[in-house]
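Report on one structure; see the data block that follows.
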Amino acid sequence: MIVSADAGSRGGKPVPYKPLLDEAISLSKYKPEAVLLVDRGMSAMNLVAGRDQLWGNLREKHLRTVVPCEWVDATHPSYTLYTSGTTGKPKGVQRDTGGYCVALAASMKHIYAGNAGETYFSTSDIGWVVGHSYIIYGPLIAGMATIMYEGLPTRPDGGIWWSLVEKYKVTVMFSAPTAVRVLKKQDPALLTKYDLSSLRALFLAGEPLDEPTAQWISAGLGKPIIDNYWQTETGWPILSLCNGVEQAKSKFGSPGKAVYGYDVKLLDDQTGEELVGPNQKGVVAVEGPLPPGCMQTVWRDDERFVNTYWKSVPGKLVYSTFDWGIRDADGYYFILGRTDDVINVAGHRLGTREIEESIAAHPNIAEVAVVGVADQLKGQVAMAFAVLKNPALVTDDASALALEAEVFKLVDKDLGAVARPARVRFVTVLPKTRSGKCLRRAIAAVCEGRDPGDLTTMDDPAALQQIKDLVTP
Ligand code: PRX
């Protein structure tokens, strides 16, 4: 059975869900027997006879029904969440039930320090891992009330979150740096307009927390800001401060130290050697076994789980996060970005290969490279450079913009608007090595105005120059 609604709402505008759901069901091999729909009165629905049922019609009938608890093995999968990696094929992160409950219960006590009877407010999307762990399961397991907020942090104004904190006496709050950067553009007086005396701390995760953003929100709220670092794969923090165990000092720019249960190592990506000295840059890896709550496997693909996550560092069977990091002399880690082609746009994790595959499906695109480029507001944005099959169709700015708009539509449909590149630019050739490997890092460097580094393996220097000319104002 699928439970859904007629529509969601974004920025006050309805986003119809039912047509998307109908299309997904028609594409899927396994059809649900029933679809239960909540009609929020936002968008008209065509009901499929015999399959679709309206919640409003059934509610009265079942209101007092007692549903017994369904007992499952601790290892029974609770959910799968698809997440991006190096290939164009997202991986289904499979989570268990018992271990996940244990990990969440522990983290609620020792990291977030929330108590039964209080209110937790995570501003995340519910479909993101943070939404699963800390809108739904974590707070409820801890006996806390949880707030599910549908909408933007700026509507009706930039004070909406803080008005909710006052109204529901929120004690623990969880958000992402991008959202705070959005609030920075609003009236700072909104931060002090409401009574925030119940709030003990604001936790931020999902992307690097830059110091100006951390300082701004910390000063504005007068509350501790606690960065924490983790992944869809782990389900709960790898690095954080465990103030519920012992008070530790925050360091700006650092998500803290390894959380108990995670045997975190920094490894040389070439040799696999462990880097033990302070401030050495290596791949952030976790020695097995992983603590409870972490992924069990890739859904229906154990081999991919082992090969992707456990065999990427030479000579060692360790879990790789695919992030670069350093550790200072006090044991605080600093995350320095991904080792693979994953980018982080406004806290959303995207695989550049997925975006490339979507764009390459356009009939006039022969080849495309997508790279992540630093952005003040969103952390990173995707930039696409495409080679045309028929260049005669793009002769001037107007035809280029028209094609770019077509590509945007394609990506919106395949992956959602969040994956839409900031720009799609057209070139005659992509910079490649002589063996044909696209030099994405060099493209990203040029887009950010950085030195592209060693280009001795590059086949055709004019290719990179073309991109430079396009992106240089
Ligand atoms: O690159 C790291 C970055 O986000 C990735 C995981 O994204 P996702 O699977 O969407 O899970 C987010 C769960 C919070 C990581 O591999 N990342 C996450 N948190 C931080 C971070 N980078 C820097 N600082 C963080 N606190």
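As the structure lists them, so they are numbered: ligands from 1, and atoms in each ligand from 1. Predicted model only: the values in this text are computed from it and were never measured.
Between Pro431 and Ile467 the shortest heavy-atom distance is CD-CD1, 3.8 Å.
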Dump the pairs for me: ligand 1 N or O, protein N or O, distance under 3.5 Å, to 0.1 Å.
from, atom 1, to, atom 2, distance (Å)
ligand 1, 1 (O), Asp323, OD1, 2.7
ligand 1, 1 (O), Asp323, OD2, 3.3
ligand 1, 4 (O), Gly206, O, 3.4
ligand 1, 9 (O), Thr232, N, 2.9
ligand 1, 9 (O), Thr232, OG1, 2.5
ligand 1, 9 (O), Arg349, NH1, 2.7
ligand 1, 10 (O), Trp128, NE1, 3.0
ligand 1, 11 (O), Thr232, N, 3.3
ligand 1, 16 (O), Gln231, NE2, 3.0
ligand 1, 16 (O), Asp323, OD2, 2.5
ligand 1, 16 (O), Arg338, NH1, 2.8
ligand 1, 19 (N), Gly206, N, 3.1
ligand 1, 24 (N), Glu207, O, 3.4
ligand 1, 26 (N), Asp227, OD1, 2.8
ligand 1, 26 (N), Asn228, O, 2.8

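Using a 3.5 Å distance cut-off with no hydrogens or angles, the side chains of Asp328 and Tyr333 do not pair a donor with an acceptor. Counting only N and O atoms by type, the side chains of Thr83 and Glu233 include no donor and acceptor under 3.5 Å apart.
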Side-chain polar contacts of residues 297-305 - donor-acceptor pairs under 3.5 angstrom, sequence neighbours left out - could you list them?
from, atom 1, to, atom 2, distance (Å)
Thr297, OG1, Asp302, OD1, 2.6
Asp301, OD1, Arg304, N, 3.2
Arg304, NH1, Lys89, O, 3.4
Arg304, NH2, Thr87, OG1, 3.2
Arg304, NH2, Lys89, O, 2.7

Start with the C-alpha distance between Tyr100 and Arg95, add both sets of side-chain angles, then the distance that settles side-chain hydrogen bond (donor to acceptor under 3.5 Å, both in side chains), and finish with yes or no. CA-CA 7 Å; Tyr100 189 42; Arg95 188 102 56 223; 4.5 Å; no
For Glu356 and Arg440, run salt bridge (charged side-chain N to carboxylate O under 4.0 Å, His left out): C-alpha distance rounded to whole Å, both residues' side-chain angles, the deciding distance at 0.1 Å, then the answer. CA-CA 12 Å; Glu356 286 175 3; Arg440 290 184 181 76; 2.9 Å; yes
